[in-house]
There are 2 protein chains.
Amino acid sequence: MVHSKGKKLVVVAKSNKLSASLEDYLEAIFNLAGESNVARSKDIAKLLGVAKPSVTGALKNLAKKGLVNYRPYGYVTLTDSGVAEAARVAGKHSIIKSFFVNILGVDAEVAQEAACKAEHALGPAIVSRLLDFTDFITQTNGSGSDLADKFKRFRKRRRQGSRKQISKQPRK
Amino acid sequence: MVHSKGKKLVVVAKSNKLSASLEDYLEAIFNLAGESNVARSKDIAKLLGVAKPSVTGALKNLAKKGLVNYRPYGYVTLTDSGVAEAARVAGKHSIIKSFFVNILGVDAEVAQEAACKAEHALGPAIVSRLLDFTDFITQTNGSGSDLADKFKRFRKRRRQGSRKQISKQPRK
DNA sequence: CATTATAGTTAGTCTCGCCTAACTTTGTCA
DNA sequence: TGACAAAGTTAGGCGAGACTAACTATAATG
């Protein structure tokens, strides 16, 4: 971990960086709005698996940051910067998930869930490379057989070869 | 995100799963103990960038879970299951970081920091594949030139090709 | 248009993880 | 060995983010 952190001059500026939680709300609104053009509190709650009052709180918070247009009992819409921010997060999500599924061959469900968490952990430097890498691998299957496929076979061989030692994963 | 979650029978069993924070403490102790065979509260605090009382709290917590041997004012050691758990976390960290550095070509500092966060987000299914994949790529450079190198050139070309559109990343 | 179901909000509480200030214990060294 | 520094702990507090219970506003329906 090794923090270090600014330490002294930190008091200022309530920080415009979003918490993982608020990023999740923003992304949820973005996705819901993308489908049906409206985002209802109810649906946000359902999508994120939280209770309704949690949504209200988050919306107020996002409104204070100028990312959503919030009016009590009204529909929720994203502001311009809200859209930008949400698109950024959703983009990360998509890149990460795509890597998991298309390169690593992870099950879509698992990849989806993992991407939800990882999108808050990985900065632009990594995600940008991940995108390039995924493209690189999927495009480079001109020179020979499909690399992702090769990997699948490699992995199968490896996992079969060492049954007893690794079996699966030291459970728990 | 899409939770769903057990929902009904969840009340029981205070959960033996560690929070991200506690995993960090455990990993820190593991690393410190590995180097000098003792883990002092002071060093844990420094390594994680937290205040001393936070360490005390975490240690009590870990002790309650049977992962560390904690005696007030004494040195901290890991129990057997503490070692197992810590090794698991540290293993994840190492696998993830290695992928970032050796495959994606990310700067070691950045990779270190990102791995710290990602290790809490990625489950065994993904990490196991990540390990295999990294090995696969680094071992498969027999058939032709080094793939990681190829990727580096691919990326350089790509980033140069699209200067204006992507330039870097929409800052903030 | 009145009733009722549904959506949303308010108020209050809880847990987690961190902090500072002040205290106690331990270790060091003259 | 006694004083002082360093390490560790206790007490108290704060913010984020979630929850439940109870209330209010909106929508739908006869």
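In what follows, every heavy atom counts, from backbone to side chain, and hydrogens, waters and symmetry copies are set aside. None of the values given here were measured: they were computed from a predicted structure. Letters A, B, ... mirror the listed sequences (proteins, then strands); counts begin at 1.
- Between A:Glu23 and A:Lys17, none of the side-chain N atoms (NZ, or NE/NH1/NH2) sits under 4.0 Å from a carboxylate O, so this pair counts as no salt bridge.
- C:dT6 atom P lies 15 Å from atom CG of A:Asp43, rounded to whole Å.
- Per the geometry, OH belonging to B:Tyr70 stands 10 Å off C1' belonging to D:dT10, to the nearest Å.
- Summarising the geometry, the separation between NZ on B:Lys42 and P on C:dG27 is reported as 15 Å, rounded to the nearest angstrom.
- Per the geometry, CG belonging to A:Leu59 stands 16 Å off P belonging to C:dA7, to the nearest Å.
- Counting non-hydrogen atoms under 4.0 angstrom, A:Thr56 reaches a base of the nucleic acid.
- The side-chain hydrogen bond (donor to acceptor under 3.5 Å, both in side chains) test with B:Glu119 singles out one residue from B:Arg88, B:Lys97, B:His93, and that residue is B:His93.
- If you take NZ of A:Lys17 and P of D:dG15, they are 21 Å apart, rounded to a whole angstrom.
- Each of A:Ala58 and B:Ala39 has a nearest nucleotide on DNA chain D; the 5'-most of these lies closest to B:Ala39.
- When the C1' atom of D:dA16 is taken as reference, atom CD of A:Glu23 falls 15 Å away, rounded to whole Å.
- Between the CD1 atom of A:Ile44 and the P atom of C:dT6 there is a distance of 20 Å, given to the nearest Å.
- Side-chain contact check for A:Leu32 versus A:Arg40: every heavy-atom pair is 4.5 Å or farther apart.
- Taking side-chain N and O atoms only, A:Ser19 has a distance below 4.0 Å to OP1 or OP2 of D:dG17.
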Review item, nucleotides 20-25 of chain C N/O atoms under 3.5 Å of protein N/O:
none

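- Phosphate contact (OP1/OP2 of C:dC16, side-chain N/O of B:Ser21, threshold under 4.0 Å): absent.
- Every residue meeting the ring-ring contact (aromatic ring centres under 6.0 Å, His included) condition with B:Phe99, not counting sequence neighbours, appears here in chain and number order: A:Phe99.
- In this entry the distance linking NZ of B:Lys60 with C1' of D:dT9 reads 7 Å, nearest Å.
- Of the candidates A:Lys152, A:Lys156, A:Arg158, A:Arg158 is the only one forming a side-chain hydrogen bond (donor to acceptor under 3.5 Å, both in side chains) with B:Asp132.
- Considering B:Val83, B:Asn31, B:Leu78 in turn, B:Leu78 is the only one that fulfils the side-chain contact (heavy atoms from CB on, under 4.5 Å) rule with B:Leu26.
- Listed pair A:Tyr25 / D:dA16 fails the phosphate criterion, with no side-chain N or O lying under 4.0 Å from OP1 or OP2.
- Here the side chains of B:Phe136 and A:Leu147 are in contact, with some heavy-atom distance below 4.5 Å.
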